[in-house]
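Inspection log for the structure reproduced underneath, given as structure tokens.
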Amino acid sequence: MPRTLFDKVWDAHLVRPESADTPAVLYVDLHLVHEVTSPQAFAMLRERGRKVRRPDLTVATMDHSTPTTPRGADGRIPVTDREAAAQIDQLETNCREFGIRLHALGSERQGIVHVIGPELGLTQPGMTIVCGDSHTSTHGAFGSLAFGIGTSEVEHVLATQCLPQRKPKTMKIEVSGRLSEGVTSKDLALGVIGKVGTDGATGYVIEYAGEVVRGLSMEGRMTLCNMSIEAGARAAMVAPDETTFAYVKGRRFAPQGEAWDNSVAYWKTLTSDPGARFDKILKIDAATLAPFVTWGTNPGMVAPVTGRVPDIGGLKESDRRSTELALQYMGLEPGKRIQDIGIDQFPNVENVFKDPTQHEFVVIPDSW
């Protein structure tokens, strides 16, 4: 029977199949951990006297509560927020106690949890990857099944290296044609969200396919899979190809030598078979896409830069109130051309660098 890419990865990791009364149990190849969603999970392990089942398949980094301020004279990055400092300290303690690899604050390998996986070659095609963060779907760009989990699930994976899951439905989004100049993977993602809405992919794993997707860089594919969560998707995937293999090859934790050849031979089988059944199919002509912006308070409130802010009078009653509130919050006029909206610019960029503690973020000039 023809199978989708998702089916192949799901089936390869199935410990126990789903029944009417119980979810399926999936084996997890890689568990990524950060300081915000893990403290309670580790606390429950201690309380129950449990160890981490596979510390070798668990990788931690400091991510969500880390400051963006420059390093001090001692080379350390100061953490002035008390709660953030406590979370970071607790992650160090937890990783030391349970024997987990940690890319700590200040390490050259520390960074955004969904960036260091691909950069280090930890993320590979055909894997199951979980993390206590909704945008774990980013890793699906490599042909892996990757999704975010809650704190109680973080504990479950730490203790068992498995996860109970109901099998989601599948959606294929096929993008044909050619992207116009200035249209990026971000615009493709916003175009999809604009079509299906912020809940149109709820309960689905999306597979992106078509010549446009094949032409994206790995960074572009990661952006596309990352933003799929904003359409409600459980996860998103792109079948691995030569672009994928070239990105992974030679990275620190990528297979080497004969293991590399064997891995690539397997990865090449991770495509949806001809005739594979999807629960929903959406086809998009790339020529209809333009650079998109969001005019409201969620990613579904999207318009091309050549368009206009919605005219409230033309909306259904059910949509009118939410649109009114969004436009009021954004300070926008109904019906105004997007191109006529001024662009705010952060003033006195140089002063930010002189006293970064007085600002919530640092703007880096284009010349850098």
Side-chain angles (χ1 to χ4, degrees), residues 2-10 114 118 123 125-126 128-129 134-148 167-180 182-244 270-294 298-304:
R3 294 186 297 165
T4 65
L5 165 61
F6 163 74
D7 289 328
K8 291 179 180 180
V9 179
W10 176 277
H114 307 312
T123 301
T128 49
I129 302 174
S134 60
H135 290 279
T136 307
S137 58
T138 305
H139 305 268
F142 292 80
S144 60
L145 176 57
F147 49 88
K167 188 174 184 179
K169 295 180 288 186
T170 55
M171 177 188 296
K172 181 180 182 181
I173 298 181
E174 188 168 357
V175 191
S176 60
R178 188 175 179 182
L179 293 176
S180 301
V183 180
T184 67
S185 55
K186 176 271 294 181
D187 302 304
L188 175 54
L190 286 177
V192 169
I193 297 167
K195 286 180 181 293
V196 305
T198 54
D199 60 355
T202 300
Y204 290 88
V205 169
I206 297 173
E207 180 181 341
Y208 289 102
E211 55 192 320
V212 170
V213 177
R214 288 278 159 239
L216 294 176
S217 66
M218 288 309 302
E219 291 80 5
R221 296 177 190 186
M222 283 188 268
T223 297
L224 187 58
C225 289
N226 175 293
M227 293 181 68
S228 300
I229 298 304
E230 309 301 342
R234 183 69 175 119
M237 306 176 77
V238 177
D241 58 13
E242 294 300 328
T243 299
T244 318
L270 297 176
T271 60
S272 290
D273 298 327
R277 180 185 174 277
F278 291 86
D279 296 292
K280 184 182 287 189
I281 297 177
L282 176 64
K283 294 188 177 183
I284 296 176
D285 180 357
T288 65
L289 299 174
F292 283 95
V293 293
T294 54
N298 71 60
M301 296 175 170
V302 62

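Bear in mind the structure is a predicted one, so any value in this text is a computation, not a measurement. The figures that follow rest on heavy atoms only: side chains count, while hydrogens, waters and symmetry mates do not.
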For P274, enumerate each residue passing the side-chain contact (heavy atoms from CB on, under 4.5 Å) test, keeping only those at least two apart in sequence or located in another chain. none
Can you list everything that forms a side-chain contact (heavy atoms from CB on, under 4.5 Å) with T136? Sequence neighbours excluded, please.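 side-chain contact (heavy atoms from CB on, under 4.5 Å) check on T136 returns H114, I129, C131, D133, H139, A146.
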Scan for side-chain hydrogen bond (donor to acceptor under 3.5 Å, both in side chains) pairs involving residues 225-237, sequence neighbours excluded, and state none if there are none. H135-N226, H135-E230, T138-N226, Q165-R234, Y208-S228
Are P118 and M222 side-chain neighbours, meaning at least one heavy-atom pair lies under 4.5 Å? yes
Distance-only donor-acceptor pairs under 3.5 Å for side chains of residues 167-178, two or more places apart:
residue	atom	partner	partner atom	Å
K167	NZ	D7	OD1	3.2
T170	OG1	D279	N	3.3
T170	OG1	D279	OD2	3.3

[Y] backbone acceptor or donor facing [X] side chain under 3.5 Å:
| X | Y | result |
| --- | --- | --- |
| S137 | C225 | yes |
| D187 | L190 | no |
| K8 | T271 | yes |

Mind listing the closest non-hydrogen atom pair of [X] and [Y] along with its distance?
| X | Y | value |
| --- | --- | --- |
| L270 | P240 | O-CD, 3.3 Å |
| G275 | P2 | C-CB, 3.8 Å |
| I206 | A233 | CD1-CB, 3.8 Å |
| V9 | G143 | CG2-O, 4.0 Å |

Donor-acceptor contacts, no H, no angles, side chain residues 192-202, under 3.5 Å, sequence neighbours left out:
residue	atom	partner	partner atom	Å
T202	OG1	D199	O	3.0

Partners meeting salt bridge (charged side-chain N to carboxylate O under 4.0 Å, His left out) with R221 (sequence neighbours left out): D241
Exactly one of V238, L5, T244 should register a side-chain contact (heavy atoms from CB on, under 4.5 Å) with P125. Which one does?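 Single side-chain contact (heavy atoms from CB on, under 4.5 Å) partner of P125 among V238, L5, T244: T244.
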F6: which residues meet the ring-ring contact (aromatic ring centres under 6.0 Å, His included) condition with it, sequence neighbours left out?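 Here the qualifying residues are W10.
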Of all residues at least two apart in sequence or in a different chain, which pass the side-chain hydrogen bond (donor to acceptor under 3.5 Å, both in side chains) check with S272?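 side-chain hydrogen bond (donor to acceptor under 3.5 Å, both in side chains) list for S272, sorted by chain: E207.
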Pairing residues for T243 by the side-chain hydrogen bond (donor to acceptor under 3.5 Å, both in side chains) criterion, not counting sequence neighbours: none
What distance do L179 atom CG and L216 atom CG have between them, rounded to the nearest 0.5 Å?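 Answer rounded to 0.5 Å: 6.5 Å.
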Between D273 and R3, is a side-chain contact (heavy atoms from CB on, under 4.5 Å) present by the stated rule, with each step listed? CA-CA 6 Å; D273 298 327; R3 294 186 297 165; 4.0 Å; yes
Going by atom type alone, with no hydrogens or angles, which donor-acceptor pairs under 3.5 Å involve a side-chain atom of residues 284-293 and a protein atom two or more places apart or on another chain?
residue	atom	partner	partner atom	Å
D285	OD1	A287	N	3.0
T288	OG1	D285	O	2.6

